[in-house]
Amino acid sequence: MKVSIIGPGGIGGVVATLAARCGHEVILTNSRGTATLEDQVRTLGPNARAASLADAVQAADIVVLAMPLTALSRLPAKDFDGRIIIDMMNYYPMRESQIAVLDDGEMTSAEMVQRELPGARVIKALNNQDAPHLLLNAGTGSALPVAGDDAEAKESVAAFLRDLGYETIDAGMLRDSWRMEPGAPIYVWPYAPALPGGMDPLSDDAKVFYVTTAGIPVTRQAARALLDQAKRPARIGGFPEDLPPTWVAVVANWQEVERLSREMEARP
């Protein structure tokens with residue numbers, strides 16, 4: 001399968017890593033040009049290459065949107081006609097500013113993506129874990145939700161997720177995808193590891209533990225229960241207080257966490 005990833009930094013880079021590992025052809029593209037992706041392509045190995053946006057979309061069996069939601073309006077919509085799209089973007093008002101149709105619950109963020117790319121086959125998936133645990137939890141038996149209006153495209157995405165090392169659970173239509181959006185019971189928390197008792201969640205050791213430790217597998221049964229217990233919040237979108245405090249600290253200073261990880265690995 002040819003998988004094109006628009007925005008392969010951070011969590012998009014994890015998808016690229018997992019896809020290349022299991023033998024898919026990975027095509028990377030971003031807004032800064034192919035030269036900025038050379039090191040990442042080298043790291044991913046012979047299954048990866050960089051391309052322009054137009055070439056990446058045209059070549060792909062599946063296109064992964066891993067960019068900020070605000071970049072959606074800059075995509076050439078016609079280029080995506082007929083393409084299977086994995087929408088792994090999330091709405092964070094503090095990052096994107098307010099989006100009225102999302103704030104008032106008129107549509108989910110995935111429905112907004114479908115509106116902006118009307119000819120595409122949009123599937124919501126891969127949006128409800130953070131980057132470290134999307135990598136660490138692969139192959140552990142965890143299940144991820146998949147939502148979409150196109151049954152054939154949904155099954156193609158589910159098969160791709162199984163290749164990456166995940167079970168899947170049908171989360172319904174795009175209009176139902178709020179059940180897997182930020183703040184929902186299945187978002188981030190269930191896939192993150194529990195810190196050892198007494199560990200300060202903002203300590204350096206906690207940050208390193210968090211980004212190097214897999215969570216307890218979320219079974220398909222557990223994922224279904226989490227989806228079913230979701231209630232549409234009055235406040236739409238993601239907010240730091242809804243996330244593990246260690247996650248917030250990691251995001252605020254990711255380079256520092258990487259340095260601490262290297263130091264801990266070097267300890268006798």
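Position 1 is the first residue of the sequence, and the numbers go up from there.
Taking a cutoff of 4.0 Å between a charged side-chain nitrogen and a carboxylate oxygen, Glu155 and Arg162 qualify as a salt bridge. A salt bridge links Lys124 with Asp87: the distance from a Lys NZ or Arg NE/NH1/NH2 to an Asp or Glu carboxylate oxygen falls below 4.0 Å.
Annotation: salt bridge (Lys or Arg N to Asp or Glu O under 4.0 Å) contacts of Asp228 (sequence neighbours excluded): Arg224. Listed by chain and residue number, Pro193, Phe209 satisfy the side chain to side chain contact (heavy atoms under 4.5 Å, CB included) test with Thr213 (two or more places apart in sequence, or in another chain). Considering only residues two or more places apart in sequence or on other chains, Glu167 meets the side chain to side chain contact (heavy atoms under 4.5 Å, CB included) condition with Ala143, Arg220.
Taken to the nearest 0.5 Å, the OG atom of Ser177 stands 11.5 Å off from the CG atom of Asn128. Note that CD of Glu38 and OG1 of Thr43 are 12.0 Å apart. Values are rounded to the nearest 0.5 Å. Between the OG1 atom in Thr34 and the CG atom in Leu53 there is a gap of 12.5 Å [rounded to 0.5 Å]. A distance of 10.5 Å separates NE2 in His133 from OG in Ser142, rounded to the nearest 0.5 Å. Summarising the geometry, atom OG1 belonging to Thr212 is positioned 7.5 Å from atom CG belonging to Leu136; distances are rounded to the nearest 0.5 Å. Atoms CG and CD1, on Leu65 and Ile6 in that order, are 5.0 Å from each other to the nearest 0.5 Å.
Panel note: side chain Glu116, backbone Leu72; no donor-acceptor pair is recorded below 3.5 Å. A distance-only check finds a donor-acceptor pair linking the side chain of Asp149 to the backbone of Leu174 [under 3.5 Å]. Checked by atom type and distance alone, the side chain of Thr108 never pairs as donor or acceptor with a backbone atom of Trp178 at under 3.5 Å.
Here the side chains of Leu75 and Val57 are not in contact, with every heavy-atom distance at 4.5 Å or above. Side-chain contact check for Ser31 versus Arg74: every heavy-atom pair is 4.5 Å or farther apart. By the 4.5 Å heavy-atom criterion applied to side chains, Lys2 and Ser4 are not counted as neighbours. Between Arg121 and Ile85 there is no side-chain heavy-atom pair separated by less than 4.5 Å.
Using modelled atom types and a 3.5 Å distance limit, the side chains of Tyr191 and Asp130 yield no donor-acceptor pair. Using modelled atom types, one finds no donor on one side chain facing an acceptor on the other under 3.5 Å when comparing Tyr187 with Asp242. In the model, Thr140 has no side-chain atom that pairs as donor or acceptor with a side-chain atom of Asn137 under 3.5 Å.
Annotation: Ile216, atom CD1; neighbour count of heavy atoms from other residues, nucleotides and ligands within 6.0 Å does not exceed 12.
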